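As the structure is a prediction and not an experimental result, all values here were calculated from the model. Naming: A, B, ... by sequence-line order, numbering from 1 per chain. Because only heavy atoms are used, hydrogens play no part in the values below, and waters and symmetry mates are left out as well, while side chains stay in.
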2 protein chains.
Amino acid sequence: MAKARAVRSKAPVQVRKEQQPKTADVSAVKLDILENLLSYYMRVVSVVLNRDYDHVLSSVSLAHGTGKVSTLLMVAANPGIRPSVLAHYVLRDRSAMTRLLQQMKTAGLIIEQISDRERRARELYLTAKGKSIVDKVRSLASQQSDAFFGVLSGSEQKQLMELLKKLYASHVHVEDED
Amino acid sequence: MAKARAVRSKAPVQVRKEQQPKTADVSAVKLDILENLLSYYMRVVSVVLNRDYDHVLSSVSLAHGTGKVSTLLMVAANPGIRPSVLAHYVLRDRSAMTRLLQQMKTAGLIIEQISDRERRARELYLTAKGKSIVDKVRSLASQQSDAFFGVLSGSEQKQLMELLKKLYASHVHVEDED
DNA sequence: TATTGTTATACTCTATAACTATA
DNA sequence: TATAGTTATAGAGTATAACAATA
């Protein structure tokens, strides 16, 4: 990182400055139907959220995507959890999960051992090093989320949480019927 | 695509089946602090939204990310718009924008011509082929969004839109002061 | 034969830097 | 010298398919 960016609780991260053209007007652009498309706002806000998240988490080398932090926290909360169960929650397939776990093993955060009862399976545990950063990761992740959504009032945040949980329940962790 | 997936308006897309482990229980997993973290739900819902979006849009070969559809629609609505202005809205840097535009030029959807007044700049326009798919793209994008967020009531969707627009205004298109 | 996990490939996105052409 | 756009590279994510070990 070339420039150290001071913590700015008011405006966590924006579009990078360099992206703004200097010789063209950016303000008078029509968004076509995107203007009123929920999916558009959802995606764009999410992109910015993820970038901010990566910046904040880079200090514990768990940046780049949601998977690493979720993995660390879920292994912490569920010692012995298996890669395929993790994959289900982290929304990856097993092969992507393998690569992610490989990185975390290389980083010395996680160890695995072969399950006694299911010798195909692996049980995942945090190493001492892994355990030592859990608290910091929890705190960074919470702070980042609070700061990012801090532009909303408390009741608005609660509303948003309810709406997102509803979407989550119907699109992510549906118990499929067939 | 191996299996043709029938259009299911009730449940657009879920975690792929194969991801669900067969010999391990997925239900009793603790999410640690993720359970109450807005950023977690935001990101996860967004991932599922994007996958569904890609599936739906693959029929017009504009799948893989939000950029192509946004680009098509914004060039349609703003003929002569420049790459750097587009990049600002699509949240990419100029080099990523170049590659995206290259694909769309190769696909015959967009042409560019050098600006008269600013010979460094390019002006973007839709080709006839580009214009011919705009309506379909609008309709697919709208339908996908409506279906995905259709699990929410009308007033909930309105709430969500307001909340997302507020986040968008403060994190994405802030006019920076310094 | 089915499942768990691994490896490999191809494509996309991100971030960065170096480059050109214009201003 | 600064800006618009291009090209190239390295790292990570996604999606597949083929594979080994175990059930």
Engineer: Evaluate the side-chain proximity of A/Met42 to A/Ser46: yes if any heavy-atom separation is below 4.5 Å, no if none is.
Structural biologist: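 No, every pair of side-chain atoms sits at 4.5 Å or beyond.
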Engineer: How do A/Ser115 and A/Gly67 order along DNA chain D: which one's closest nucleotide is nearer the 5' end?
Structural biologist: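 The residue mapped nearer the 5' terminus is A/Gly67.
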Engineer: Calculate the interatomic distance between A/Glu118 atom CD and C/dA2 atom P; express it in whole Å.
Structural biologist: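 Computing the A/Glu118:CD to C/dA2:P distance gives 16 Å.
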Engineer: If each of A/Arg82 and B/Leu100 is mapped to the nucleotide of DNA chain C with the nearest heavy atom, which maps nearer the 5' terminus, i.e. the 5' end?
Structural biologist: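 Whichever sits nearer the 5' end wins; that is A/Arg82.
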Engineer: Could you state the CG-P distance from A/Asp93 to D/dC19, rounded to the nearest angstrom?
Structural biologist: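 Going from CG in A/Asp93 over to P in D/dC19 covers 18 Å.
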Engineer: With heavy atoms under 4.0 Å as the rule, sort A/Thr98 into base, sugar-phosphate or nothing.
Structural biologist: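 Base contact.
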Engineer: Looking only at N and O atoms, is any donor in the side chain of A/Ser95 or the base of D/dT16 less than 3.5 Å from an acceptor on the other one?
Structural biologist: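 In this structure, the two groups form a donor-acceptor pair.
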Engineer: Need one value for A/Arg122: base, sugar-phosphate or nothing, where a base atom within 4.0 Å counts as base even if backbone is also close, heavy atoms only.
Structural biologist: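 Touches sugar-phosphate only.
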Engineer: Base, sugar-phosphate or nothing for B/Ala96? Non-hydrogen atoms, less than 4.0 Å.
Structural biologist: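 Touches nothing.
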Engineer: Return no unless some side-chain N or O of A/Arg99 is found under 4.0 Å from OP1 or OP2 of C/dT6.
Structural biologist: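 For A/Arg99, the contact criterion (side-chain N or O under 4.0 Å from OP1 or OP2 of C/dT6) is not met.
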Engineer: Regarding A/Arg120 and B/Thr23, is there a side-chain donor-to-acceptor distance under 3.5 Å anywhere?
Structural biologist: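 Note: A/Arg120 and B/Thr23 side chains miss the donor-acceptor criterion.
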Engineer: Would you call A/Asp54-A/Arg51 a salt bridge at under 4.0 Å N-O?
Structural biologist: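 So A/Asp54 does not pair with A/Arg51 through a salt bridge.
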Engineer: What is the separation between atom CG on A/Asp54 and atom P on D/dG11, rounded to the nearest whole Å?
Structural biologist: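 After rounding, the gap between these two atoms is 16 Å.
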Engineer: Under 4.0 Å, heavy atoms only, any strand: does B/Gln102 hit a base, just the sugar-phosphate, or nothing?
Structural biologist: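 Counting heavy atoms under 4.0 Å across all strands, no contact is made by B/Gln102.
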Engineer: Is it the case that more than 12 heavy atoms not belonging to B/Lys166 sit under 6.0 Å from its NZ atom?
Structural biologist: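 At most 12 heavy atoms, drawn from other residues, nucleotides or ligands, come within 6.0 Å of this atom.
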Engineer: Map A/Lys68 and A/Arg117 onto DNA chain D by nearest heavy atom, then report which one ends up closer to the 5' terminus.
Structural biologist: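 Its nucleotide being nearer the 5' end, the pick is A/Lys68.
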Engineer: Is the closest side-chain heavy-atom distance between A/Leu57 and A/Val60 below 4.5 Å?
Structural biologist: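 Side-chain contact under 4.5 Å: yes.
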Engineer: Closest-nucleotide mapping onto DNA chain C: is A/Glu123 or B/Asp116 further toward the 5' terminus? I mean the 5' end.
Structural biologist: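 With A/Glu123 and B/Asp116 compared, the 5'-side residue is A/Glu123.
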Engineer: What is the distance, to the nearest angstrom, from the CZ atom on B/Arg120 to the P atom on D/dT6?
Structural biologist: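 For the pair B/Arg120 CZ and D/dT6 P, the rounded distance is 14 Å.
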Engineer: How many Å lie between CZ on A/Arg92 and C1' on D/dT16, as a whole number?
Structural biologist: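 Atom CZ in A/Arg92 sits about 16 Å away from atom C1' in D/dT16.
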Engineer: Counting only distance, no hydrogens or angles, is the base of D/dT22 paired donor-acceptor with the side chain of A/Arg119 under 3.5 Å?
Structural biologist: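 No such pair is found, so the answer is no.
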Engineer: Using a cut-off of less than 4.0 Å, is there contact between a side-chain N or O of A/Thr23 and OP1 or OP2 of C/dA23?
Structural biologist: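 Checking A/Thr23 against C/dA23: no side-chain N or O falls below 4.0 Å of OP1 or OP2.
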Engineer: Separation of B/Leu101 atom CG from C/dC13 atom P, in whole Å?
Structural biologist: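 Taking atom P of C/dC13 as the reference, CG of B/Leu101 is at 12 Å.
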Engineer: In whole angstroms, how far is the C1' atom of C/dT3 from the CE atom of A/Met97?
Structural biologist: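 One finds 18 Å between C1' of C/dT3 and CE of A/Met97, rounded.
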Engineer: Calculate the interatomic distance between B/Lys105 atom NZ and D/dT7 atom P; express it in whole Å.
Structural biologist: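 The answer, rounded to whole Å, is 8 Å.
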Engineer: Base of D/dG5, side chain of B/Arg94 - is there a donor-acceptor contact under 3.5 Å?
Structural biologist: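 Indeed there is one.
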Engineer: Does the side chain of B/Val85 come within less than 4.5 Å of B/Met97's, by heavy atoms?
Structural biologist: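 A side-chain contact is absent here, since even the closest heavy-atom pair is not under 4.5 Å.
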